[in-house]
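Worth saying up front: this structure is predicted, and the values here are computed from it rather than measured.
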Amino acid sequence: TQSTGGSSHSKKMNRRLPVSSLTTSFLQNTQTLQKTPFIAKRNVSDVVVRSQRKGRSGVSGVIATVFGGTGYLGSALVNSLAQTGSQIIIPFRGQQRSFLKLKVAGDLGQIVPIKYEIRDYESVLRSIAESKVVFNCIGRWCDTANFTSGDANVSSAAVIAKACAEMGVERLIHISAFGASPDSPSEFARQKWKSEEQVRQYFRETTIFRPTTFYGMEDRFLSRNSLVVLVNKEKPTARVLHPLETPNAPLHVVDAVDGIMALVASGEAVGQTYHLLGPKVYSYEQVLRIIEEASFTLPRQYIPYSFEEVEGEYTSRLGLRVSKNPDWTPLEVEYFNTVLPDETNVKDSTSAVSLLSKPLLTLEDSADAVLKPLRDLSWWNIADENGYNFDLDSYYLRG
């Protein structure tokens with residue numbers, strides 16, 4: 001064994017160059033360098049400062065804080081800001097899984113979650129300490145165990161506005177509600193009006209947006225109203241919470257975010273108030289008919305009832321969490337039954353989306369994509385029995 005080890009060691013030594021040859025080559029190279037003047041050669045890429053990347057991997061230098069960033073509109077705003085290379089701070093007070101879906105919106109280090117408590121003023125200051133722009137998307141339709149709807153809609157807005165004024169934030173964008181007024185019959189609209197007054201008291205340059213209903217993927221408008229259509233769909237009638245003639249002007253969440261970002265980037269919206277309204281006004285019955293068509297459900301007759309009579313019909317049979325996150329609340333039903341947009345509001349209001357050059361999406365354009373998972377597979381047999389003209393090719397072409 002010793003002889004074998006020794007022979008392998010000698011073979012390795014033989015592969016190495018002799019010390020004398022290494023010394024000779026080094027001296028030769030030294031003499032060559034002494035004869036020729038030293039010229040530093042560098043690649044062009046090392047001298048010229050490379051342009052920064054664009055998009056989600058870029059760095060725009062803008063730091064924005066989005067309160068309510070884990071909500072529906074807030075998540076869309078985070079995604080849009082991340083596309084421009086902004087660093088986004090997302091204050092959260094729940095569990096860490098609430099913001100995990102937002103981490104992939106930006107590159108490494110661009111999405112920064114911060115634990116905060118709205119009643120802890122120091123934590124609010126930490127959340128906006130480095131930000132140039134602050135978005136307040138906090139809102140609530142009902143009371144919870146720790147906060148009332150007034151705390152979420154009014155008090156939190158005042159705290160955020162005061163903190164922005166103290167930290168010298170350049171821009172504050174506050175999300176209110178369409179129809180906000182001190183004498184509105186809706187309590188939610190009155191709360192949003194109070195929040196606007198509180199925000200302007202501390203931060204006069206606040207930009208306020210008053211949106212109607214948002215819809216899109218994983219929304220609360222089409223997906224929730226589809227429960228009315230799909231629950232007990234074998235029955236010819238269904239009970240609903242809104243009068244069938246109740247108007248609404250829903251706006252796709254992508255168009256809403258594009259309108260907000262366009263105004264914020266232009267700098268013309270400082271201290272202004274804008275509406276976020278959809279391009280078309282629908283009655284509640286029209287909305288239900290669009291859901292029927294998109295979900296492949298046969299038409300039914302819808303009968304309006306009061307909230308107390310209908311409340312338990314959907315929550316108890318579907319096993320929804322009534323106390324923590326109900327699908328319908330008295331505050332929300334009252335708002336949509338009393339604050340009624342019409343064609344005059346859509347055309348005459350100072351709408352943020354009117355500045356967009358692209359055409360706005362309508363319910364007919366988006367209902368298929370949103371409600372595709374809820375389509376009734378038994379529709380294929382029903383169509384044959386009732387003589388519906390159903391074209392298989394058109395079904396695949398449209399989506």
Check the pair Tyr282, Thr362 against side chain to side chain contact (heavy atoms under 4.5 Å, CB included), reporting the backbone distance first and the verdict last.
CA-CA 10 Å; Tyr282 300 88; Thr362 62; 3.5 Å; yes

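- Residue Met261 is not grouped with residue Ile63 when hydrophobic side chains (ILVMFWY) are merged at heavy-atom distances under 4.5 angstrom, including chains of intermediate members.
- A side-chain donor-acceptor contact under 3.5 Å links Glu166 and Tyr121.
- Hydrophobic clustering (side-chain heavy atoms under 4.5 Å, transitive across Ile, Leu, Val, Met, Phe, Trp, Tyr) groups Val333 together with Val229.
- Counting only N and O atoms by type, the side chains of Asp219 and Ser223 include a donor and acceptor under 3.5 Å apart.
- Atom CD of Gln198 sits about 12.5 Å away from atom CD of Gln191, to the nearest 0.5 Å.
- Pairing each heavy atom of Val169 with each of Ser131, the nearest pair is CG2-O, 4.1 Å.
- Panel note: side chain Ser80, backbone Ala76; no donor-acceptor pair is recorded below 3.5 Å.
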Could you walk me through whether Glu187 and Glu334 pass the side chain to side chain contact (heavy atoms under 4.5 Å, CB included) test, one step at a time?
CA-CA 8 Å; Glu187 182 182 354; Glu334 179 191 49; 3.8 Å; yes

Dump the intermediate steps for side chain to side chain contact (heavy atoms under 4.5 Å, CB included) on Ile175 and Phe135, then the final yes or no.
CA-CA 8 Å; Ile175 306 300; Phe135 295 84; 5.9 Å; no

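- Looking at Gln272 and Thr207, their side chains never bring a donor and an acceptor atom within 3.5 Å of each other.
- Thr212 is not listed as a side-chain neighbour of Leu276, based on a closest heavy-atom distance of 4.5 Å or more.
- Side-chain atoms of Thr297 and Ser295 form a donor-acceptor pair, as typed in the model, at a separation below 3.5 Å.
- Residues Thr246 and Ser283 have side chains not in contact (no heavy-atom distance under 4.5 Å, counting atoms from C-beta outward).
- Under the 30°/60° scheme for interplanar angles, the aromatic rings of His252 and Tyr215 are found to stand perpendicular.
- Side chain to side chain, Ser86 and Gln110 fail the donor-acceptor criterion of an N or O pair below 3.5 Å.
- Residues Tyr116 and Ile90 do not share a hydrophobic cluster, clusters being chains of Ile/Leu/Val/Met/Phe/Trp/Tyr side chains in contact below 4.5 Å.
- Distance check: Leu77 CG to Tyr72 OH gives 12.0 Å after rounding to the nearest 0.5 Å.
- At least one side-chain heavy atom of Thr273 sits under 4.5 Å from a side-chain heavy atom of Arg200.
- When atom types are taken as modelled, the side chain of Ser366 and the backbone of Leu363 share no donor-acceptor pair closer than 3.5 angstrom.
- In this structure a side-chain-to-backbone donor-acceptor pair under 3.5 Å is missing from Asn225 to Leu288.
- With contacts defined as side-chain heavy-atom distances shorter than 4.5 Å, the pair Val134/Phe67 qualifies.
- Looking at every heavy atom in both residues, Ala165 comes nearest to Phe203 through N-CD1, 3.8 Å.
- Under the 3.5 Å distance criterion, the side-chain polar atoms of Ser184 are left unmatched by any main-chain donor or acceptor of Ala180.
- Between Tyr335 and Phe188, the angle of the ring planes goes over 60°, which puts this pair in the perpendicular group of the 30/60° scheme.
- Checked by atom type and distance alone, the side chain of Ser176 never pairs as donor or acceptor with a backbone atom of Arg210 at under 3.5 Å.
- Contact annotation: the side chain of Val78 approaches that of Ile111 to within less than 4.5 Å [non-hydrogen atoms, C-beta and beyond].
- At distances below 3.5 Å, not a single donor-acceptor pair connects side-chain atoms of Tyr302 with backbone N or O atoms of His242.
- Considering every non-hydrogen atom in both Lys192 and Ala177, the closest pair reads CG-CB, 3.6 Å.
- Considering SG of Cys164 and CG of Leu172, their distance stands at 4.5 Å, rounded to 0.5 Å.
- Annotation: the span from Ile303 atom CD1 to Thr237 atom OG1 amounts to 5.0 Å, rounded to 0.5 Å.
- Shown here is Glu197, whose CD atom has more than 12 heavy atoms of other residues, nucleotides or ligands within 6.0 Å.
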Decide yes or no on side chain to side chain contact (heavy atoms under 4.5 Å, CB included) for Ile173 and Val133, but give the supporting numbers first.
CA-CA 8 Å; Ile173 291 85; Val133 185; 3.7 Å; yes

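- The closest side-chain heavy-atom distance from Ile89 to Val66 is not below 4.5 Å.
- The existence of a salt bridge linking Glu332 and Arg140 is excluded, since no basic side-chain nitrogen approaches an acidic carboxylate oxygen closer than 4.0 Å.
- Ring centroid separation for the pair Tyr284 and Phe336 does not come in under the 6.0 Å cut-off.
- Under the 3.5 Å distance criterion, the side-chain polar atoms of Asp365 are left unmatched by any main-chain donor or acceptor of Leu361.
- A salt bridge links Lys280 with Glu364; the closest basic N to acidic carboxylate O contact falls under 4.0 Å.
- Taking OG1 from Thr65 and CD from Gln87, the interatomic distance works out to 9.5 Å, rounded to the nearest 0.5 Å.
- Using a 4.0 Å cut-off between a side-chain N of Lys or Arg and a carboxylate O of Asp or Glu, Arg171 and Glu205 do not qualify as a salt bridge.
- Looking at Arg300 and Pro236, their side chains never come closer than 4.5 Å, going by heavy atoms from C-beta outward.
- In this structure, Ile118 is not a member of the same hydrophobic cluster as Trp141, with clusters built from ILVMFWY side-chain heavy atoms closer than 4.5 Å.
- When side chains are defined from C-beta on, Pro299 counts as touching Arg289, because their heavy atoms get closer than 4.5 Å.
- Separation of atoms CG (Asp120) and NZ (Lys115) is listed at 12.0 Å; rounding is to 0.5 Å.
- Under the 3.5 Å distance criterion, the side-chain polar atoms of Lys103 are left unmatched by any main-chain donor or acceptor of Val112.
- Linking ILVMFWY residues whenever their side-chain heavy atoms come closer than 4.5 Å, directly or via other members, leaves Ile138 and Phe92 in distinct clusters.
- For the residue pair Thr213 / Asn248, a side-chain donor-acceptor distance below 3.5 Å is found, with atom types taken as modelled.
- Residues Ser181 and Asp183 bring a donor and an acceptor atom of their side chains to less than 3.5 Å of each other.
- Not one N or O on the side chain of Asn79 forms a donor-acceptor pair closer than 3.5 Å with the backbone of Ala105.
- Between Phe178 and His275, the angle of the ring planes goes over 60°, which puts this pair in the perpendicular group of the 30/60° scheme.
- Between the side chain of Ser127 and the backbone N or O of Ser123, at least one donor-acceptor pair lies under 3.5 Å.
- Ion pairing of Asp151 with Arg119 is present here, as a side-chain N (NZ or NE/NH1/NH2) and a carboxylate O approach within less than 4.0 Å.
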